[in-house]
Amino acid sequence: MSTHIGAKPGEIAERVLMPGDPLRAKWIAETFLEDAKCYSTVRNMFGFTGKYRGVDVSIQGSGMGMPSASIYAHELINEYGVKTLIRVGSCGALSESLNLRDVIAANGSATDSNMNRVRFDGLIDYAPVADFGLLRKAVEVAESRGIEMHVGPVLAADAFYTDRPDLYDKLADYGVLAVEMESAALYTIAARFRARALTLLTVSDHIKRGEATTSQEREQTFSQMVEVALDTAIA
Ligand SMILES: O=P(O)(O)O[C@H]1O[C@H](CO)[C@@H](O)[C@H]1O
Ligand SMILES: O=c1cc[nH]c(=O)[nH]1
């Protein structure tokens, strides 16, 4: 057991999908894996391991925001030997060219989080980026499945409810596709500990148009993103 994950050594696969929502983790495990077993219920942040096309894959909820996701990424890599982490999250579209349910691969992650300012003494604006091999594979998988993949940078924000919508507009001007809350921390921790990480997102909200999916849809309907993530994880 690690501090926040209740798995025994060997119970977590080298390849892990990480949704923020623990109930999305349960849905993914029950819907897409064979012989899925729950290895952790600590804090109700469920984790499961099963087989996808004969390969061991785990699904670990990571919670909302970078402090929570950092804990799970750190422990998965350092205490359980995880090598590949693919976040499967929801996001709010900033770009007018995106629609609800579009799938995004985040090649890089801007952030308003202070975590990397502390890491680098405020001297460096570290650029958290996706693992190129995983990104390329995800794009190939999406193409082969006929899924349009939008590749671009996202914002990893500390706040879900922002006081600065003007900054969202500015980021959109600079090509930032969407906002979510974990990718910068995931990319940074994976880089630090020599693991591979990618963030895939499904547009659950459109910030400019005020469109939104329901919480049930966020939990149980983002199949295209999950299938791309699973095919990428086992490639
Ligand atoms: O759907 P998940 O993976 O939780 O991701 C997004 O949804 C949560 C906010 O509703 C944040 O965690 C954000 O990053
Ligand atoms: O962080 C997030 C996730 C989904 N939708 C948003 O608007 N923000």
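Just so you know, these numbers use all the heavy atoms, side chains as well, and skip hydrogens, waters and symmetry mates. Atoms within a ligand are numbered from 1 in the order they appear, just like the ligands themselves. Computed from a prediction, not measured in an experiment: that's the story for all the values here.
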Peer 1: Walk me through it: do S2 and E79 pass the test side-chain hydrogen bond (donor to acceptor under 3.5 Å, both in side chains)?
Peer 2: CA-CA 7 Å; S2 62; E79 310 237 11; 5.2 Å; no

Peer 1: For ligand 1, which atoms, with element, lie under 4.0 Å from some heavy atom of E180?
Peer 2: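 The atoms of ligand 1 under 4.0 Å from a heavy atom of E180 are 14 (O).
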
Peer 1: For atom 7 (O) of ligand 1, find the nearest protein heavy atom and state the residue, atom name and distance (0.1 Å precision).
Peer 2: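 The closest heavy atom on the protein side is S90 OG, 3.1 Å.
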
Peer 1: For S183 and S109, test the side chains for any donor-to-acceptor distance below 3.5 angstrom and give the result as yes or no.
Peer 2: yes

Peer 1: Considering only heavy atoms, which of C91, G89, G20 lies nearest to atom 3 (C) of ligand 2?
Peer 2: C91

Peer 1: Give the atom numbers and elements of ligand 2 that come within less than 4.0 Å of a heavy atom of M181.
Peer 2: 1 (O)

Peer 1: State the atoms of ligand 1, each with its element, that fall below the 4.0 Å cut-off from a heavy-atom position in G89.
Peer 2: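 Listed by number with element: 3 (O).
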
Peer 1: Determine, for E11 against K37, whether the closest basic-nitrogen to carboxylate-oxygen distance falls under 4.0 angstrom.
Peer 2: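 No, no charged N to carboxylate O under 4.0 Å.
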
Peer 1: Where's the contact between S204 and ligand 2, heavy-atom distance under 4.0 Å: side chain, backbone, both or neither?
Peer 2: side chain

Peer 1: Check step by step if salt bridge (charged side-chain N to carboxylate O under 4.0 Å, His left out) holds for D169 and K208.
Peer 2: CA-CA 9 Å; D169 293 339; K208 296 300 290 180; 2.8 Å; yes

Peer 1: In terms of residue, atom name and distance, what is the protein heavy atom nearest to atom 5 (N) of ligand 2?
Peer 2: D205 OD2, 2.6 Å

Peer 1: Decide whether an N or O pair under 3.5 Å exists between R218 and ligand 2.
Peer 2: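 Between R218 and ligand 2, no N or O pair is found under 3.5 Å apart.
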
Peer 1: Any idea which atoms of ligand 2 are less than 4.0 Å away from a heavy-atom of G92?
Peer 2: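 The atoms of ligand 2 under 4.0 Å from a heavy atom of G92 are 4 (C), 5 (N), 6 (C), 7 (O), 8 (N).
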
Peer 1: Check ligand 2 against V179 and write out every atom of the ligand that is under 4.0 Å from a heavy-atom position of the residue.
Peer 2: 1 (O), 2 (C), 8 (N)

Peer 1: Mark the output for M18 as yes if a heavy-atom distance to ligand 1 is under 4.0 Å, and as no if none is.
Peer 2: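 Per 4.0 Å heavy-atom rule, M18 does not contact ligand 1.
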
Peer 1: I want to know if ligand 2 touches I207 in the polar sense, i.e. an N/O pair below 3.5 angstrom.
Peer 2: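 No, no N or O pair falls under 3.5 Å.
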
Peer 1: Looking at D21, which atoms of ligand 1 are within less than 4.0 Å of one of its heavy atoms?
Peer 2: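 Counting from 1, the qualifying ligand atoms are 4 (O).
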
Peer 1: Do F160 and M181 make a side-chain contact, defined as non-hydrogen atoms from C-beta onward lying under 4.5 Å apart?
Peer 2: yes

Peer 1: Which atoms from ligand 1 have a heavy atom of R24 less than 4.0 Å away?
Peer 2: 1 (O), 2 (P), 3 (O)

Peer 1: Taking the side chain as every heavy atom from C-beta outward, state whether N107 and V129 have any atom pair closer than 4.5 Å.
Peer 2: no

Peer 1: Regarding atom 3 (O) of ligand 1: of the candidates E182, R87, M64, which has the closest heavy atom?
Peer 2: R87

Peer 1: I'd like to know if the side chain of R218 pairs up with that of T202 as donor and acceptor (distance under 3.5 Å, no hydrogens or angles considered).
Peer 2: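 The answer is no; no qualifying pair exists.
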
Peer 1: Does the pair K83 and D131 meet the rule for a salt bridge (charged side-chain N to carboxylate O under 4.0 Å, His left out), with working shown?
Peer 2: CA-CA 11 Å; K83 306 279 186 234; D131 176 84; over 6 Å; no

Peer 1: For atom 8 (N) of ligand 2, what's the nearest protein heavy-atom neighbour? Residue, atom name and distance, please.
Peer 2: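 Among all protein heavy atoms, the one nearest atom 8 (N) of ligand 2 is F160 CE1, 3.5 Å.
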
Peer 1: Any side-chain heavy atom of E148 within less than 4.5 Å of one from D102?
Peer 2: no

Peer 1: Could you list which atoms of ligand 1 come closer than 4.0 Å to a heavy atom of F160?
Peer 2: 9 (C), 10 (O)

Peer 1: List the closest protein heavy-atom neighbour of atom 4 (O) of ligand 1: residue, atom name, distance to the nearest 0.1 Å.
Peer 2: G20 CA, 3.3 Å

Peer 1: Indicate yes or no: at least one non-hydrogen side-chain atom of S223 is less than 4.5 angstrom from one of V226.
Peer 2: no

Peer 1: Among R15, R53, K137, whose salt bridge (charged side-chain N to carboxylate O under 4.0 Å, His left out) with D231 holds?
Peer 2: R53

